[in-house]
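Just so you know, residue 1 is the first one in the sequence shown, and it goes up from there.
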Amino acid sequence: TNYRKIENFFTIDYNKNNIIKNSILIFFISFFFKLLLYDFNLDFGDAASRILNDYEDGSIFDVYKLYTLVVVMASSIFIDYNIALSLFNISITSLSMSIYLLLLFKVNKSFALNNIVLLAIIFYLPLNAIDTMFRTDALYFFLFTLTIYLVVKLSDPNNKRVLSYLLLVLFLSCIAREQTLYILPLLLLYLIFIKIPNKKIVITSAVRTAVASLGKTLKNVPAELLGSSVITGAIKKINVKESDINEVIMGQVLTGGAG
């Protein structure tokens, strides 16, 4: 088909480095598209000034506390903090697009298809409107996207660090929008019931004992000794340290008198 021909023309090796490069490219495409969309005019009004005045007056410190703190920090660092916040909004929503690309690569290895989908999202104009709002929308969009990505990453092996990042992002999400607290029980249930494989299971060896008739050759050999000799023999057949073995599965046909 024509799609296959196009895909083969743009074939890229599926590896971690190329995925990271692709996500960085998507970030810059999104960032510069937004600048062109706004004609490089980042004056989105003075809503940030009102947030800062309300904070300094002590009259309001609303449910969107994290973005309020971002405004306060921006005002202490930049003279024209409204422009700085505009760049902040554009940057985190563009970074969200990069995270969405990483999510797509979790379900599909096609660079061509994933980038087509991402470009369609980037060029969807209503989604770009949140850049112009000095509210928590852009920040929460980023945190929500990152939460989804980290939840999906939990299925990867060695995910203890991922779980730590997820807890941090959820904490920030609750500060960014307190309504996040309502979805935490659902996420907790998901984390409880999901199967998260931490290690690959590999069967390395199988050995059996000698077999004799009841009351004959092996009558004076305890079952425990037979079992230990089997384990020793199984380890000798493979090039694995004893400390690397997590589990041994044993079976015994007749367990009478085995203790």
Side-chain angles (χ1 to χ4, degrees), residues 3-38 40 42 66-67 70 74 84-133 136-173 176-177 180 187 190-191 194 196-198:
Y3 169 74
R4 288 297 179 187
K5 292 179 181 179
I6 296 174
E7 186 179 30
N8 291 333
F9 181 77
F10 292 103
T11 295
I12 302 174
D13 290 336
Y14 181 83
N15 57 59
K16 185 177 180 180
N17 288 335
N18 285 337
I19 292 174
I20 292 175
K21 290 176 183 177
N22 196 175
S23 63
I24 294 172
L25 178 61
I26 284 293
F27 170 82
F28 284 107
I29 290 175
S30 175
F31 186 86
F32 285 108
F33 171 74
K34 293 173 186 291
L35 291 179
L36 289 172
L37 184 64
Y38 304 129
F40 290 88
L42 299 180
L66 185 59
Y67 195 79
V70 171
L85 288 168
S86 300
L87 286 171
F88 173 77
N89 284 1
I90 291 174
S91 298
I92 59 176
T93 52
S94 296
L95 189 56
S96 299
M97 295 298 102
S98 296
I99 297 173
Y100 269 118
L101 181 66
L102 296 178
L103 276 170
L104 286 175
F105 277 117
K106 285 289 183 180
V107 297
N108 182 24
K109 296 183 179 181
S110 171
F111 276 83
L113 181 59
N114 290 344
N115 281 273
I116 290 172
V117 172
L118 247 297
L119 290 175
I121 296 175
I122 291 172
F123 298 149
Y124 182 61
L125 297 183
L127 185 61
N128 291 283
I130 63 175
D131 298 330
T132 65
M133 303 176 186
T136 193
D137 302 75
L139 178 58
Y140 193 75
F141 177 70
F142 165 72
L143 291 173
F144 185 75
T145 304
L146 187 55
T147 298
I148 297 174
Y149 175 70
L150 291 174
V151 168
V152 173
K153 282 280 289 181
L154 282 176
S155 61
D156 293 348
N158 302 319
N159 52 37
K160 292 182 179 179
R161 185 178 298 178
V162 175
L163 182 60
S164 301
Y165 294 153
L166 177 61
L167 293 175
L168 175 60
V169 172
L170 287 173
F171 172 73
L172 294 175
S173 299
R177 189 185 288 271
T180 304
L187 184 59
Y190 173 80
L191 294 178
I194 189 177
I196 307 175
N198 288 319

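Within the 4.5 Å cutoff, side-chain heavy atoms of Leu172 are placed close to those of Leu66. Counting heavy atoms from C-beta outward, Ile90 and Leu42 have side chains that approach closer than 4.5 Å. Between Lys153 and Leu103, the closest side-chain pair of non-hydrogen atoms is not below 4.5 Å. Residues Phe171 and Leu143 are not in side-chain contact: their nearest non-hydrogen atoms beyond the backbone lie 4.5 Å or more apart. Side-chain atoms of Tyr165 and Leu146, non-hydrogen and from C-beta on, never get closer than 4.5 Å to each other. Looking at heavy atoms from C-beta onward, Phe88 lies in side-chain contact with Leu139 at the 4.5 angstrom threshold.
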List the atom pairs, with distances to 0.1 Å, where a side-chain N or O of residues 116-130 and a protein N or O form a donor-acceptor pair under 3.5 Å, not counting sequence neighbours.
| residue | atom | partner | partner atom | Å |
| --- | --- | --- | --- | --- |
| Asn128 | OD1 | Lys34 | NZ | 2.7 |
| Asn128 | ND2 | Ile122 | O | 3.1 |
| Asn128 | ND2 | Tyr124 | O | 3.1 |

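At distances below 3.5 Å, not a single donor-acceptor pair connects side-chain atoms of Asn108 with backbone N or O atoms of Asn114. A distance-only check finds no donor-acceptor pair linking the side chain of Thr136 to the backbone of Tyr67 [under 3.5 Å].
Sorted by first and then second residue, the salt bridge (Lys or Arg N to Asp or Glu O under 4.0 Å) pairs with a member in residues 21-32 form an empty list; sequence neighbours excluded.
With rounding to the nearest 0.5 angstrom, the OG1 atom of Thr132 is 9.0 Å from the CG atom of Asp137. The CG atom of Leu95 sits 9.0 Å away from the OG1 atom of Thr145 when rounded to the nearest 0.5 Å. The CZ atom of Phe31 sits 4.5 Å away from the OG atom of Ser91 when rounded to the nearest 0.5 Å. Rounded to the nearest 0.5 angstrom, Ile148 CD1 and Leu166 CG are separated by 11.5 Å.
Looking at residues two or more places apart in sequence or on another chain, you find a ring pair (Phe, Tyr, Trp, His ring centres under 6.0 Å) between Tyr38 and Phe44. Scanning for side-chain contact (heavy atoms from CB on, under 4.5 Å) contacts around Asn115 gives Asn22, Ile26, Phe111, with sequence neighbours left out. In this structure, Tyr149 has no side-chain hydrogen bond (donor to acceptor under 3.5 Å, both in side chains) partners at least two apart in sequence or on a different chain. Checked against side-chain hydrogen bond (donor to acceptor under 3.5 Å, both in side chains), Ser23 has no partners two or more places apart in sequence or in another chain.
Ser96 pairs with exactly one of Phe27, Phe141, Phe144 by the side-chain contact (heavy atoms from CB on, under 4.5 Å) rule, that one being Phe141.
Taking every heavy atom of both residues into account, Ala138 and Thr93 meet most closely at CB-CG2, 3.8 Å.
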